[in-house]
Amino acid sequence: MLDRLYTELADGDLRLGKLQAAHRTALRAACTADPDIWTIYSSSFGPDHFDASFDALIGHASRMAYAIFDGDKLVGMTAYLRPDVSAQTVEIGNSYIHPAARGTGLNGRLKRLMLDHAFAVGMRRIEFRIDERNARSQAAVAKLGAVKEGVLRSERITWTGHVRDTGLWSLLAAEWTARS
């Protein structure tokens, strides 16, 4: 199932390509466009931390990372995280979109593309784990129909040393099918 899950995806001018070392420079430029956002992320892809975070992302087997392309331009990243084939569950996260592409509907399109694909290959539950301070991401997953199950208190310590409360959101295959 994992080899079917982690494949290139496309919808018109939106394309999700497997994140590779060749994307480093373009992704660094995209991530530099909003240096203040990284304080609400678990890890920083800001200028001082980019290379280490990028290497960890593409070098970790439980992270299926994508470069997000709008036409020919790399505008961000996203990933399937912690896939569990026996539980038929995967998380979507590590998402960042260049500020110029925010508010254009791109995020909703890419999340729907990932959700459709994950459910089509046999996942039955998709999770989103979101910093409680990140109202924008919470609103975006609620718009997709995800349900907030609760808050994992003091769930992790971020790169800034902040002890993070994480909202756990999910969407089930039957719920997604009913919305489509």
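The model shown is predicted, which means the values in this text are computed figures rather than measured ones.
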- Message: For Tyr66, does the six-membered ring have the charged nitrogen or CZ of Lys18 within the cation-pi criterion, i.e. under 6.0 angstrom from the centroid and within 45° of the normal?
- Response: no

- Query: Any chance the rings of Tyr41 and His162 have centres within less than 6.0 Å?
  - Reply: no

Is there a side-chain contact between [X] and [Y] (heavy atoms, below 4.5 Å)?
X: Met77; Y: Leu27; value: yes
X: Val121; Y: Thr7; value: no
X: Phe69; Y: Val75; value: no
X: Leu81; Y: Ser62; value: no
X: Arg136; Y: Ile40; value: no
X: Trp159; Y: Ser42; value: no
X: Thr78; Y: Asn94; value: no

Taking only residues two or more places apart in sequence or in another chain, which ones pass ring pair (Phe, Tyr, Trp, His ring centres under 6.0 Å) with [X]?
X: Trp169; value: none
X: Phe50; value: Phe45, Phe54
X: Phe128; value: none

Under 3.5 Å: donor-acceptor pair, side chain of [X], backbone of [Y]:
X: Asp84; Y: Thr89; result: no
X: Glu175; Y: Leu172; result: yes
X: Tyr6; Y: Ala65; result: yes
X: His49; Y: Trp38; result: no

Is any NZ, NE, NH1 or NH2 atom of the basic residue among [X] and [Y] found under 4.0 Å from an Asp or Glu carboxylate oxygen of the other?
X: Arg15; Y: Asp70; value: no
X: Asp116; Y: Lys111; value: no
X: Arg102; Y: Asp34; value: yes
X: Asp55; Y: Arg24; value: yes
X: Lys148; Y: Glu127; value: no

Distance from [X] atom [atom1] to [Y] atom [atom2], nearest 0.5 Å?
X: Ile68; Y: Leu110; atom1: CD1; atom2: CG; result: 4.5 Å
X: Asp131; Y: Glu155; atom1: CG; atom2: CD; result: 9.5 Å
X: Tyr80; Y: Met64; atom1: OH; atom2: CE; result: 9.0 Å

- Can Leu171 and Arg125 be said to form a side-chain contact (heavy atoms from CB on, under 4.5 Å), step by step? CA-CA 6 Å; Leu171 189 57; Arg125 175 186 166 90; over 6 Å; no

- Task: Give a yes or no on this: more than 12 heavy atoms of other residues, nucleotides or ligands lie within 6.0 Å of atom CG of Asp72.
- Result: no

- side-chain contact (heavy atoms from CB on, under 4.5 Å), paired with Met114, selected from Val90, Leu5, Ile126, Ile92: Ile92

